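Here's the structure, in structure tokens; my notes come after.
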2 protein chains.
Amino acid sequence: MESRELHGRVARLHYQHGMTHQEIGELLGLSRVKVTRLLADARRSGIVEIRIHSSASPFDELEAALVGRFGLQQVWIAPSFADERRTADSVGMTGAQCLRALVPTSGTVAVGLSSSVAAIVPHVHAEPAPDLGFVPLAGSWGGISRGMNPHELALRLGTAFGARTYHLPAPILASTPEAAAAFRADPGVRETMQLAAGADLLIAGVGGMDPRSGILIDVLGRSEQRQLVANGAVGDISARFFDAAGHSVGGEVDERVVGLSLDELTAIPHRVAVSFGPHKVHALETALRTGLMNMVVTDVDTAKALTKAASDNRKSG
Amino acid sequence: MESRELHGRVARLHYQHGMTHQEIGELLGLSRVKVTRLLADARRSGIVEIRIHSSASPFDELEAALVGRFGLQQVWIAPSFADERRTADSVGMTGAQCLRALVPTSGTVAVGLSSSVAAIVPHVHAEPAPDLGFVPLAGSWGGISRGMNPHELALRLGTAFGARTYHLPAPILASTPEAAAAFRADPGVRETMQLAAGADLLIAGVGGMDPRSGILIDVLGRSEQRQLVANGAVGDISARFFDAAGHSVGGEVDERVVGLSLDELTAIPHRVAVSFGPHKVHALETALRTGLMNMVVTDVDTAKALTKAASDNRKSG
DNA sequence: CGGTTACCAGAACGGATGTTCAACTCATGG
DNA sequence: CCATGAGTTGAACATCCGTTCTGGTAACCG
């Protein structure tokens, strides 16, 4: 992190006085490329903040349509791109806006497993909120972390918000039901889970049953997957698999999970799903239709697929 | 003014989601050029606001140098450009920042004659301040208005700030001292001038004696100019000419002016000079050195010339 | 002391953006 | 019904900006 002052100067000269990168470079004795980089840094780090004074979202109609169809509290939609990473970034940006709107200045936010929530972190530029806490609502897995472990998400989000963070020291999926019970009995684990259960806001991904669609699904063995599907599972929220009616599928896998149950999750008043992509549509549609989640952050393509899926359901059901 | 909503959408897609003008055009069914224009409008009109979270000004040292040399309260400096209109725009932008910092939410701002103050108007995007008033501190001239008549400046600035505006219905320079006295005796004129005299903040230009440097100076006849110079005039603030010591030069011209006197001007606690250009340096330097003005908004070139002039004075005087 | 790694810098390229200009639309008034 | 002019439009151009790639520098290590 270089001198904040230089970034501010360059940003002022460019954004306020309309000087070109070239001109600023000549004025301050820097190369044009250096100026370009300083400006990019300044935007990334939040030194430059761009506000748009207009309540209109670019995808208003689609948002309103989803709110109506599924009876949701609120919906945020980002544009879709051919490049999936770019879409992820836009969804992350939109998720950050959603959090800015929903996160209270005190209280607790429960954070679930999600590849998309990770994309939010770089877009958060908030005032420190020391009376706020971010709590993982389930355990994590070992080995290499792909940036989407619940504990890591809670930690990074919490840090970005200048809030307290909590840890749930257990695996998300224990090897046996008995081992899971033992973990849940641990005082540290129990305490964190109680805190998560009492949260005001839940933010989590919704996974599908397709191996490409979830993080968790490919942690499970082939036979376990087949078993879940056989029991009617259509998706999961942080390892809690649910069927087409939004009920827990139960079974052995469910008993091995260390984390909030579906009932505990739905007891949290505000529940935001952050999820996008064609493989997620079915699971996401179910989670929204059955009320497991009551808000969603997604991209245009997924949103369109959701409305389509919803109307198909209506006709056939 | 087209639908604010469309501007907001386009701005969000570009500034928040990083979409190119081309992509936005395709998404919304607009041409690329149209998108470019919408974005430019959005910035001009303040729908897009860019904040820089850094207190550092690009020309800190120079500002500090002027504050020190002349014992000023504060100084704002804009970059200089080869294209004078661009410089004027930058100074205007900087003046708007200055006003944002200084203008109270209630009270009165006295507005003097200035070509530069006009450049401020397009850069003001403030919350309406209905308890604030903008008052011209002198009369105006007839015929074509080049956008820098005191009454016009007060009106346009006041409008931009959503504030009350006042009018001083008289010429800035009456044809005879007696006519001027008659104007001053008018109840409407007297009332407005009293209001201006009680202002908290004064914002005005500082004119020089060179015909190219002032608006007013070329309204006067050749002989009147010569007379003023002979009496030691080095510059003026809204038609009040002063000498190298900062005192009024008096004389017939001074008696024909309808507007606050130099003594009345300097009774206003906060006095900002907005002025730039090589022809203004001498007058501006005098106004600052003698304390007629105690703040200044100018450009880099003028600022450098001011520090140089000040050190020359110190050596010789 | 050479090798390695990590980082930083600027040349060069290709895409993005801003501006100019000629064509067009649509009122208004003869 | 055409003439006029103000206001829009997008094609074409000129500039600006972002990224990639290569070379350089410094720190760390064997």
Side-chain angles (χ1 to χ4, degrees), chain A residues 1-50 52 58 78-90 92-93 119 122-123, chain B residues 1-50 52 58 79-90 92-93 122-123 144 147:
Chain A
M1 182 93 355
E2 202 165 337
S3 80
R4 195 181 177 84
E5 180 174 322
L6 182 59
H7 285 85
R9 286 178 161 218
V10 170
R12 282 222 154 75
L13 291 172
H14 183 70
Y15 288 109
Q16 296 184 340
H17 296 291
M19 290 176 75
T20 68
H21 299 187
Q22 184 72 51
E23 289 171 328
I24 297 171
E26 284 162 12
L27 182 68
L28 303 182
L30 305 166
S31 77
R32 186 186 70 76
V33 178
K34 178 78 181 171
V35 172
T36 303
R37 284 179 178 135
L38 285 169
L39 285 168
D41 287 352
R43 275 192 75 169
R44 249 197 305 283
S45 67
I47 293 176
V48 172
E49 181 195 358
I50 302 185
I52 284 122
S80 300
F81 298 95
D83 177 355
E84 193 177 322
R85 279 172 309 175
R86 220 179 139 194
T87 308
D89 192 63
S90 257
M93 156 79 222
H123 296 285
Chain B
M1 183 90 357
E2 201 164 339
S3 80
R4 195 183 177 84
E5 180 175 323
L6 182 59
H7 285 85
R9 286 177 160 217
V10 170
R12 282 223 156 74
L13 291 172
H14 183 70
Y15 288 108
Q16 296 185 340
H17 296 290
M19 289 175 75
T20 67
H21 299 187
Q22 184 71 51
E23 290 170 328
I24 297 171
E26 285 162 13
L27 183 68
L28 302 182
L30 305 166
S31 78
R32 186 187 69 74
V33 178
K34 177 80 181 170
V35 172
T36 303
R37 284 180 180 135
L38 285 169
L39 284 168
D41 287 351
R43 276 192 75 171
R44 248 196 307 283
S45 67
I47 293 177
V48 172
E49 182 196 357
I50 302 185
I52 284 123
S80 300
F81 298 94
D83 177 355
E84 193 177 322
R85 279 172 310 177
R86 222 179 139 192
T87 308
D89 193 63
S90 257
M93 155 80 223
H123 296 284
I144 188 164

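Quick note on labels: first sequence line is chain A, next is B, and so on, each numbered from 1. Keep in mind that this is a model prediction, so the values were computed, not measured.
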His14(B) side chain, from C-beta outward: closest of dT17(C), dG10(D), dA9(C):
dT17(C)

OP1 or OP2 of dG10(C) versus the side-chain N and O atoms of Lys34(A): is any pair under 4.0 Å?
no

Nearest-neighbour nucleotide for the Thr20(B) side chain, dG10(D), dT19(D), dT17(C) considered
dT17(C)

Inter-axis angle, terminal five-pair segments of the helix from dC1(C)-dG30(D) to dG30(C)-dC1(D) [nearest 10°]
10°

Per Val33(A) side chain, nearest of listed nucleotides dA16(C), dG10(D), dT19(D):
dT19(D)

Just verifying a value: how many Å separate Ile52(A) CD1 and Glu49(B) CD, rounded to the nearest 0.5 Å?
10.5 Å

Between CZ of Arg32(B) and P of dT9(D) the distance, given in whole Å, is 15 Å

Looking only at dG10(C), dG18(C), dG18(D), the nucleotide nearest the His21(A) side chain is dG18(D)

Side-chain heavy-atom pair Val48(B), His7(B) within 4.5 angstrom cut-off
no

Just to be sure I understand the geometry, which residues of residues 80-88 of chain B put a non-hydrogen atom under 4.0 Å away from DNA chain D?
none

Pairwise side-chain contact, Leu27(B) with Glu23(B), heavy-atom cut-off 4.5 Å (strictly under):
no

Whole-Å distance between dG10(D) P and Ile24(B) CD1?
16 Å

Mind checking what makes salt bridge (Lys or Arg N to Asp or Glu O under 4.0 Å) contact with Glu84(A), not counting sequence neighbours?
none

May I have the step-by-step check of side-chain contact (heavy atoms from CB on, under 4.5 Å) for Phe81(A) and Asp89(A), ending in yes or no?
CA-CA 10 Å; Phe81(A) 298 95; Asp89(A) 192 63; over 6 Å; no

Which nucleotide wins on minimum distance to the side chain of Arg37(B), given the candidates dA11(C), dT17(C), dG10(D)?
dG10(D)

